[in-house]
K.L.:
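Can you keep this structure in mind? I'll have questions shortly.
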Amino acid sequence: QALGRLLGAAVSAITSALQVPDAIAAQSVLTAAAMAAQPHVNVVRGGQRIPLSLNGLTVAESGERKSATDKLVLRAHIEHQQLLRRKYKLEAKQFKNHRVAYQKAQAEILAKSKAATPESISADLSKINEPVEPSLPMIFSDEPTIEGLQKNLLSGNPSQGLFNDE
């Protein structure tokens with residue numbers, strides 16, 4: 001009841017389907033919902049914008065179906081990450097091609113600029129657009145090191161979920 005009609009109904013369905021305790025189903029549903037909302041909402045507290053986040057810890061005995069519950073409630077997130085990976089593969093190839101073209105155009109401008117002024121060189125260089133590398137397609141961090149997590153957050157999606165069975 002505390003999770004409302006939509007999330008509460010999901011908890012009831014999961015509890016029934018997987019024969020998992022209510023608390024485990026509720027924790028999984030709540031963390032999946034928070035992960036879905038996180039990239040779209042910030043909290044304003046004391047005039048300061050703070051990223052929406054949720055830290056959850058579920059302690060369960062082996063065989064209580066926590067992994068199965070997480071797998072079920074995170075299915076849409078997993079599918080979304082797979083879509084992001086396919087999209088990234090195409091965007092990364094385009095980026096590499098655009099980077100080669102940019103570097104060639106830049107070299108041609110610099111080669112023709114022997115007698116040009118710095119201002120005209122700068123104007124010519126500003127006419128070509130440097131390609132932007134696509135973001136890494138990660139919305140999950142599985143057992144990361146602090147360095148790996150930092151890299152994913154800086155180079156990938158600024159909103160990620162960290163889920164671990166241990």
K.L.:
In this structure, are over 12 heavy atoms from other groups packed under 6.0 Å from R99 atom CZ?
P.N.:
yes
K.L.:
Considering only heavy atoms from C-beta outward, does the side chain of I109 approach that of Q106 to under 4.5 Å?
P.N.:
no
K.L.:
Does I128 share a hydrophobic cluster with I121, counting links as ILVMFWY side-chain heavy atoms below 4.5 Å and allowing steps through other members?
P.N.:
yes
K.L.:
Are there more than 12 heavy atoms of other residues, nucleotides or ligands under 6.0 Å from atom CG of L6?
P.N.:
no
K.L.:
Do the side chain of S12 and the main chain of G8 share a donor and acceptor less than 3.5 angstrom apart?
P.N.:
yes
K.L.:
So which atom in H77 and which in F140 form the shortest heavy-atom distance, rounded to 0.1 Å?
P.N.:
CB-CZ, 3.4 Å
K.L.:
Between atom CG of L18 and atom CZ of R65, what is the distance when rounded to the nearest 0.5 Å?
P.N.:
5.5 Å
K.L.:
Counting distance only, does the side-chain N/O of S122 pair as donor-acceptor with the main-chain N or O of P118 below 3.5 Å?
P.N.:
no
K.L.:
Could you grab the distance from atom CD1 of I14 to atom CG of L72, nearest 0.5 Å is fine?
P.N.:
5.0 Å
K.L.:
For I146, look at atom CD1 and say whether over 12 heavy atoms of other residues, nucleotides or ligands are found less than 6.0 Å away.
P.N.:
no
K.L.:
Just by modelled atom types, is the A123 backbone N or O under 3.5 Å from a matching donor or acceptor in the S126 side chain?
P.N.:
yes
K.L.:
Are the side chains of Q38 and S53 in touch, meaning some heavy atoms are under 4.5 Å apart?
P.N.:
yes
K.L.:
Measuring from I50:CD1 to N42:CG, what's the distance to the nearest 0.5 Å?
P.N.:
9.0 Å
K.L.:
Assess whether a salt bridge exists between K151 and E147, defined as any Lys/Arg side-chain N lying under 4.0 Å from an Asp/Glu carboxylate O.
P.N.:
no
K.L.:
Could you walk me through whether N157 and L84 pass side chain to side chain contact (heavy atoms under 4.5 Å, CB included), step by step?
P.N.:
CA-CA 10 Å; N157 288 293; L84 290 174; 3.8 Å; yes
K.L.:
Could you tell me whether the side chain of P21 reaches within less than 4.5 Å of the side chain of E64, counting heavy atoms only?
P.N.:
yes
K.L.:
Quick one: closest heavy-atom pair of R85 and M138, and the distance?
P.N.:
NH2-CE, 3.7 Å
K.L.:
Using the rule that Ile, Leu, Val, Met, Phe, Trp and Tyr join whenever any side-chain heavy atoms are under 4.5 Å apart, tell me whether L54 and L74 fall into a single cluster.
P.N.:
yes
K.L.:
Same cluster for I139 and I78 if Ile/Leu/Val/Met/Phe/Trp/Tyr side chains link at under 4.5 Å?
P.N.:
yes
K.L.:
If you compare all heavy atoms of T31 against all heavy atoms of F163, which two are closest, and at what distance to 0.1 Å?
P.N.:
OG1-CE2, 3.8 Å
K.L.:
Do S155 side-chain atoms and N152 backbone N/O form a donor-acceptor pair below 3.5 Å?
P.N.:
no
K.L.:
Are the side chains of L153 and Q160 in touch, meaning some heavy atoms are under 4.5 Å apart?
P.N.:
yes
K.L.:
Just wondering, are more than 12 heavy atoms of other shown residues or ligands nearer than 6.0 Å to NE2 in H98?
P.N.:
no
K.L.:
To the nearest 0.5 Å, tell me how far K89 NZ sits from Q94 CD.
P.N.:
13.5 Å
K.L.:
Let me confirm one number: the CG-CD distance from L3 to Q27, rounded to the nearest 0.5 Å.
P.N.:
10.0 Å
K.L.:
Testing the basics here: between S135 and Y88, what is the closest heavy-atom pair and its distance to 0.1 Å?
P.N.:
O-CD1, 3.1 Å
K.L.:
Tell me the closest heavy-atom pair linking R49 and V44, and the distance in Å.
P.N.:
CG-CG2, 4.0 Å
K.L.:
Any idea which heavy atoms bring A32 and V73 closest together, and the distance?
P.N.:
CB-O, 3.8 Å
K.L.:
Under 4.5 Å between side-chain heavy atoms, hopping through other hydrophobics if needed: is there a path connecting L162 to L136?
P.N.:
no
